[in-house]
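Reviewing the structure listed below.
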Amino acid sequence: MENLKDEIRQFCKSHHLHLNTDLGQHFLIDEDVLASIVAAAHIKKDDHIVEIGPGIGVLTRELLKCAGAVTAIELDARLIPLLKEFTAPLLTSHFLLLNANALTTALPSTPYKIVANIPYHITSPLLRHAFLESALPPTTMTLLIQREVAEKICSQKDRGMLTILVQLFGDPHIVRHVPAASFLPPPKVESSVLHINCFDEPKAPPRVLGEMFRLTKIGFGQKRKMLSNTIGALPEGDTMLKKANIDPQRRPQTLSVEEWVQLSECSVEE
């Protein structure tokens with residue numbers, strides 16, 4: 001029986017398909033990793049799955065086997081007919097294929113999960129789009145992304161803006177790491193399967209969300225500086241830090257989501 005790696009190589013060769021790595025096109029050719037993604041997503045028969053950057057449909061094919069409905073959003077128009085051919089035996093009326101930019105496409109207004117091997121350069125904007133710009137955030141996200149970014153998102157010690165964003169809206173954990181050889185063509189970095197269980201409500205109340213992103217932007221904009229030199233330089237900044245019980249000599253990457261929320265609430269009260 002032909003394995004996935006040989007199947008995809010032959011499919012690309014027979015269709016004279018040259019992948020555009022500038023668009024982050026790296027097809028997954030590892031059956032074990034593919035199974036790990038699907039298992040981590042905990043897909044049920046009534047789930048609506050949104051897939052970003054499906055390519056020729058390697059993951060799509062597996063999603064169609066277990067989900068109630070699948071919406072796939074692909075930017076590269078060349079791949080649309082190829083995806084339909086690759087997934088042909090499984091296509092149903094419950095499959096919607098959009099030739100569009102996932103970062104500007106409205107996500108569903110009814111419950112959905114995002115499951116995707118995404119182009120790595122859109123990780124941050126996609127997470128912002130899903131959590132901040134959508135009428136309804138996903139219930140879960142299962143993403144195959146760059147390992148370094150996945151580790152940063154899950155970090156409890158060396159946080160960044162993306163860490164705060166994700167941990168504000170959900171609970172992330174790394175399912176497994178994925179070597180470059182699991183892709184065609186191999187990327188220059190290692191990858192990880194990241195699963196995020198999204199909260200019903202973010203950890204920050206709506207009234208402080210905007211202020212929280214303002215403060216984190218200021219703090220992480222000069223992350224090597226102590227908070228006394230960034231947040232503390234704001235009007236009433238020292239007072240806010242004191243009220244939130246945050247040492248002004250700390251640096252922004254050491255603050256937890258809860259501490260940023262507390263600081264933001266103190267700022268709103270000023």
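As a basis for the values below, the full set of heavy atoms in this structure was taken, side chains included, without hydrogen atoms, waters or symmetry mates.
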Checklist entry - Do R214 and K217 have side chains that get closer than 4.5 Å, going by heavy atoms? => result no
Item to check | Expected output: side-chain R61 to main-chain T87 donor-acceptor under 3.5 Å | outcome: no
Item to check | Under 3.5 Å: donor-acceptor pair, side chain of H26, backbone of P185 | outcome: yes
Checklist entry - Can you find a heavy atom in the side chain of K84 that is under 4.5 Å from one in the side chain of L97? => result yes
Next on the checklist: Please find the pair of heavy atoms, one from L17 and one from F27, that lie closest to each other, and give the distance.
Outcome noted: CD2-CE1, 4.0 Å
Next on the checklist: Any salt bridge linking E258 with K203? Criterion: basic side-chain nitrogen under 4.0 Å from a carboxylate oxygen.
Outcome noted: yes
Checklist entry - Should V189 and I37 be regarded as members of a common hydrophobic cluster, given that ILVMFWY residues are connected when their side-chain heavy atoms come within less than 4.5 Å of each other, either directly or indirectly? => result yes
Next on the checklist: I'd like to know if the side chain of Q25 and the backbone of N20 have a donor-acceptor N/O pair within less than 3.5 Å.
Outcome noted: yes
Item to check | Gap between atom NZ of K44 and atom SG of C66 - 0.5 Å precision | outcome: 12.0 Å
Checklist entry - Step by step, would you call H195 with T140 a side-chain hydrogen bond (donor to acceptor under 3.5 Å, both in side chains)? => result CA-CA 7 Å; H195 182 76; T140 67; 4.8 Å; no
Item to check | Spacing of CE belonging to M161 relative to NZ belonging to K223, to within rounding of 0.5 Å | outcome: 11.5 Å
Item to check | Donor-acceptor contact below 3.5 Å, side chain T163 vs main chain K152 | outcome: yes
Next on the checklist: Would the distance check show the side chain of S36 and the main-chain N or O of D32 forming a donor-acceptor pair, the cut-off being under 3.5 Å?
Outcome noted: yes
Checklist entry - When rounded to the nearest 0.5 angstrom, what is the spacing between CG in N101 and CD1 in I122? => result 7.5 Å
Item to check | For the student: nearest non-hydrogen atoms of L168 and F213, plus distance | outcome: CD2-CZ, 3.8 Å
Item to check | Any donor-acceptor N/O pair, Q253 side chain to G160 backbone, under 3.5 Å | outcome: no
Checklist entry - Under a 4.5 Å cut-off applied to non-hydrogen side-chain atoms, are E74 and T60 in contact? => result no
Next on the checklist: Tell me if a side-chain donor or acceptor on T92 pairs with a main-chain N or O of H94 at a distance below 3.5 Å.
Outcome noted: yes
Item to check | Pairwise side-chain contact, F131 with P202, heavy-atom cut-off 4.5 Å (strictly under) | outcome: no
Checklist entry - Just wondering, more than 12 heavy atoms not from R207 lying within 6.0 Å of its CZ? => result yes
Item to check | Separation between CZ of R9 and CD1 of I29, rounded to the nearest 0.5 Å | outcome: 5.5 Å
Next on the checklist: With a 4.5 Å cut-off on side-chain heavy-atom distances among I, L, V, M, F, W and Y, is there a chain of contacts connecting F199 to L127?
Outcome noted: no
Next on the checklist: As an exercise, state the distance from CZ of F95 to CG of L83, rounded to the nearest 0.5 Å.
Outcome noted: 5.0 Å
Next on the checklist: Salt bridge check, D76 against R78: does any charged N sit closer than 4.0 Å to a carboxylate O?
Outcome noted: yes
Next on the checklist: If you define the side chain from C-beta out and look only at heavy atoms, does anything of F183 sit under 4.5 Å from L144?
Outcome noted: yes
Checklist outcome for this item: Closest heavy-atom pair, W260 versus L255, reported as atoms and distance to 0.1 Å, is NE1-CB, 3.5 Å
Next on the checklist: I'd like to know if the side chain of S134 reaches the main chain of L136, judged simply by a donor and an acceptor atom lying under 3.5 Å from each other, with no hydrogens or angles considered.
Outcome noted: no
Checklist entry - Can you tell me if CD on E148 sees more than 12 non-hydrogen neighbours from other groups inside 6.0 Å? => result no
Item to check | Verdict with supporting geometry, E151 and H177, side-chain contact (heavy atoms from CB on, under 4.5 Å) | outcome: CA-CA 10 Å; E151 290 176 338; H177 299 306; 3.7 Å; yes
Next on the checklist: How close do L4 and L28 get, counting heavy atoms only, and between which atoms?
Outcome noted: CD2-O, 4.0 Å
Checklist entry - Does any non-hydrogen side-chain atom of L132 lie less than 4.5 Å from one of L165? => result yes
Next on the checklist: Less than 4.5 Å apart, side chain to side chain, heavy atoms only: is that true for V178 and D30?
Outcome noted: no
Item to check | Minimal non-hydrogen separation, P108 against Y112, with atom names | outcome: O-CE2, 3.4 Å
Next on the checklist: What I want to find out is whether R159 reaches E259 closely enough, with some N-O distance under 4.0 Å, to be called a salt bridge.
Outcome noted: no
Next on the checklist: Ignoring hydrogens, what is the shortest heavy-atom contact between F86 and I56? Give both atom names and the distance.
Outcome noted: CB-O, 3.1 Å
Checklist entry - With the 4.5 Å side-chain cut-off for hydrophobic clustering, are I164 and M226 part of the same group? => result no
Checklist entry - Distance from I196 atom CD1 to K113 atom NZ, nearest 0.5 Å? => result 13.5 Å
Next on the checklist: Main chain of I153, side chain of Q167: is a donor-acceptor contact present, judged purely on distance under 3.5 Å?
Outcome noted: yes
Checklist entry - Within a strict 4.5 Å, meaning less than it, do heavy atoms of the K5 and L184 side chains meet? => result no
Checklist entry - Would you say N99's side chain and L75's backbone share a donor-acceptor pair under 3.5 angstrom? => result yes
Next on the checklist: Between Q222 and T230, does the side-chain hydrogen bond (donor to acceptor under 3.5 Å, both in side chains) criterion hold? Intermediate values first, please.
Outcome noted: CA-CA 7 Å; Q222 301 180 74; T230 53; over 6 Å; no
